There are 2 protein chains.
Amino acid sequence: MASVTTRSTPLPAPWDGVRAQLHDRGLRWTPQRRLLVEVLARTDGHVTAAELLESCRAIDPATIPSTVYRTLDVLEELGLLRHAHGPEGREEYHVLPREEHGHLHCAGCGGRWEIGADDAAALVATLAARDGFAVDLSHLVVVGRCRGCGAG
Amino acid sequence: MASVTTRSTPLPAPWDGVRAQLHDRGLRWTPQRRLLVEVLARTDGHVTAAELLESCRAIDPATIPSTVYRTLDVLEELGLLRHAHGPEGREEYHVLPREEHGHLHCAGCGGRWEIGADDAAALVATLAARDGFAVDLSHLVVVGRCRGCGAG
DNA sequence: GGGCTTGTCGCCACAGTATGCAATAACAAA
DNA sequence: TTTGTTATTGCATACTGTGGCGACAAGCCC
């Protein structure tokens with residue numbers, strides 16, 4: 001009889017190690033987690049939790065929201081994801097953060113860009129020097145208007 | 001017979017002009033709006049919408065959430081409020097923004113501080129020069145760890 | 001003061017996120 | 001393979017915030 005967890009898609013990149021990482025921490029590899037990981041493996045860049053939920057439901061309509069949210073928390077603890085809050089306050093996840101970076105959101109067109117460590121260096125240095133504050137770049141969201149949308 | 005809208009509290013500061021400002025735009029002065037304005041007049045600094053709702057309910061338990069949210073939107077359009085998103089993505093309102101400023105949130109102790117225009121000047125200048133991006137300082141939220149909470 | 005226009009309220013439903021709890025199932029050990 | 005432990009699921013529920021819609025009432029005009 002075919003195994004229940006189909007092996008049709010040997011997870012790529014860092015995702016193939018998730019199962020082992022979970023086991024190392026005494027956590028479990030479940031079909032629900034596998035489903036989300038499969039979805040994430042096909043995703044790159046930024047997604048909202050709601051989008052991920054929808055993608056999971058496209059494959060398994062029985063997917064429960066709270067399971068997805070909890071699994072996202074777990075994966076974030078493993079370091080495979082980072083989350084921040086978009087301009088409307090909704091959660092956004094960065095898959096496979098190569099390096100810490102902040103985000104730039106245009107309130108006009110909704111466009112998004114990344115802010116590198118060097119762009120924020122001055123701000124980070126100012127706050128570190130004056131207040132001893134250590135900035136978490138991955139949570140930095142800067143809202144404003146891009147060139148195209150003008151200062152209007 | 002006493003008037004329905006008690007005049008016991010002649011609204012202070014800029015709040016006394018709200019009614020006129022509403023009228024100028026063809027909007028209306030209702031008991032519900034007056035209640036929220038009274039609460040706001042006694043508040044300063046930062047509040048979440050939920051806190052304002054609670055304060056209103058303390059006075060009039062019949063206060064409806066959506067009315068509060070909609071009134072907050074209206075008052076923000078009048079320039080009497082600004083909102084930003086806290087680290088958990090909840091809405092936070094700044095009452096009577098004296099000047100545009102961003103916020104610093106400590107993920108450890110939950111402490112909050114303001115970021116002045118000068119603190120962010122370098123970041124603002126960098127983004128303006130490189131991308132032509134105009135930063136909205138009032139939406140700037142920087143998350144990290146304060147001196148006391150260490151880099152842990 | 002009375003009527004009319006239309007902005008606003010109150011209610012309902014829903015989206016997105018989060019938590020408690022009992023039942024289930026993953027995994028290890030026998 | 002069976003058993004036992006306990007992490008996880010699924011469900012119910014709650015909270016924040018938004019949008020639709022009919023009924024109501026604020027403010028204008030006469």
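For clarity, every value in this text was computed on a predicted model and none was experimentally measured. Throughout, a chain's letter reflects where its sequence line sits, starting with A, and its residues are numbered from 1.
- Checked by atom type, the side-chain pair A:Arg82/A:Ser138 shows a donor-acceptor distance below 3.5 Å.
- Across the protein-nucleic acid pair, B:Arg25 atom CZ and C:dT8 atom P stand 12 Å apart, rounded to whole Å.
- If you take CG on A:Asp73 and CG on A:Leu78, they are separated by 11.0 Å, rounding to the nearest 0.5 Å.
- B:Leu35 places its CG atom 15 Å from the C1' atom of C:dT8, with the value rounded to the nearest Å.
- Within 4.0 Å of B:Ala62, counting heavy atoms only, lies no atom of the nucleic acid at all.
- The interatomic distance linking A:Arg34 (CZ) with D:dT9 (P) rounds to 15 Å, in whole Å.
- Screening residues 118-137 of chain A for ring-ring contact (aromatic ring centres under 6.0 Å, His included) gives no qualifying pairs among residues at least two apart or on separate chains.
- Atoms CG (A:Asp24) and P (D:dA7) sit 16 Å apart, rounded to a whole Å.
- Considering every non-hydrogen atom in both A:Leu35 and A:Cys56, the closest pair reads CD2-O, 3.9 Å.
- Using a 4.0 Å cut-off between charged side-chain N and carboxylate O, A:Arg34 and A:Asp60 make no salt bridge.
- Checked against ring pair (Phe, Tyr, Trp, His ring centres under 6.0 Å), A:His83 has the following partners two or more places apart in sequence or in another chain: A:His85, A:Tyr93, A:His139.
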Quick one, give me the B/S/- string for nucleotides 25-30 of chain C, reading 5' to 3', where B means a protein heavy atom under 4.0 Å from the base and S means that only happens at the primed atoms, P, OP1 or OP2. BBS---
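- Overall bending of the helix from C:dG1-D:dC30 to C:dA30-D:dT1, expressed as the angle between end axes built from five pairs apiece, is 10° (10° steps).
- Using a 4.0 Å cutoff on non-hydrogen atoms, the parts of residues 63-72 of chain B near DNA chain C are B:Ile64, B:Ser66, B:Thr67, B:Arg70, ordered by number.
- Exactly one residue among A:Arg19, A:Gln21, A:Arg33 makes a side chain to side chain contact (heavy atoms under 4.5 Å, CB included) with A:Leu27. That residue is A:Arg33.
- Look at CG on B:Asp73: it is 15 Å from C1' on C:dG7, rounded to the nearest Å.
- A:Glu114 is linked by a side-chain contact (heavy atoms from CB on, under 4.5 Å) to A:His46, A:Arg98, A:His101, A:His103, counting only residues two or more places apart in sequence or in another chain.
- Atom pair A:Leu36:CG and D:dT8:C1' shows a separation of 14 Å (rounding to whole Å applied).
- What separates CD of B:Glu91 from P of C:dT17 is a distance of 14 Å, to the nearest Å.
- What you find for B:Ala84 and B:Val141 is that their closest heavy atoms are CB-CG2, 4.5 Å.
- Considering all non-hydrogen atoms of both residues, B:Asp119 and A:Leu123 come closest at O-CD1, 3.5 Å.
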